[in-house]
Amino acid sequence: MRCPYCNYIESKVVDSRPTDEGQAIRRRRECIDCGRRFTTYEKVEEIPIIVVKKDGNRQVYNRNKLLNGIIKSCEKRPVSMNEIENIVDDIEKKLSNSLEKEITSREIGEMVMNRLKGIDEVSYVRFASVYRQFKDVNSFMDELKKILDEGSN
Ligand SMILES: [Zn+2]
């Protein structure tokens, strides 16, 4: 790491600690030539997660896209932005903990549905109808029927 003052190539690390969020390591360095101190940050390079779509096409996982999908399902429903972000955070945690670098869009959809189901049924059905369209119409209709039955009691 070059010294920003004198451009000397070598420095020694005098202090090293994680940043508050734990996302990076902050290092205090001292130039071996001029003795001045400077700070560097070391970050882990994030490995992109690949989403395999229904048609087999692959796409880099996109947080905003997933967020928007859920927001759309929760439109005019009592689901806070905070709850929606929690769902996405949990899914991302699961993704980064798993050793797989690929996940199908179906698996992501199932994870969202499992969470939405416990938060708001209408949002859940809206989301499910997008994800399960054509493929699993029967289970979707069963689900819808169950909710309608409950509502009429
Ligand atoms: Zn220097």
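Note: hydrogens, waters and symmetry copies are ignored here, and every other heavy atom, side chains too, is used. Counting starts at 1 for both ligands and their atoms, following the listed order. In what follows, residues are counted from 1 in the order of the sequence shown.
Residues Ile70 and Val79 are not in side-chain contact: their nearest non-hydrogen atoms beyond the backbone lie 4.5 Å or more apart. Two residues are said to be in side-chain contact when any heavy atoms from C-beta on lie closer than 4.5 Å; Tyr61 and Arg63 meet this criterion. Considering only heavy atoms from C-beta on, Thr40 comes within 4.5 Å of Arg29 through its side chain.
Side-chain polar atoms of Asn57 and Asp55 form a donor-acceptor pair below 3.5 angstrom. In this structure, a donor-acceptor pair under 3.5 Å is present between the side chains of Arg28 and Thr39. Between the side chains of Arg26 and Ser16, no donor N or O sits under 3.5 Å from an acceptor N or O.
Listed by chain and number, the protein N, O or S atoms at a distance under 2.8 Å from the Zn ion (ligand 1) are Cys3 SG, Cys6 SG, Cys31 SG, Cys34 SG.
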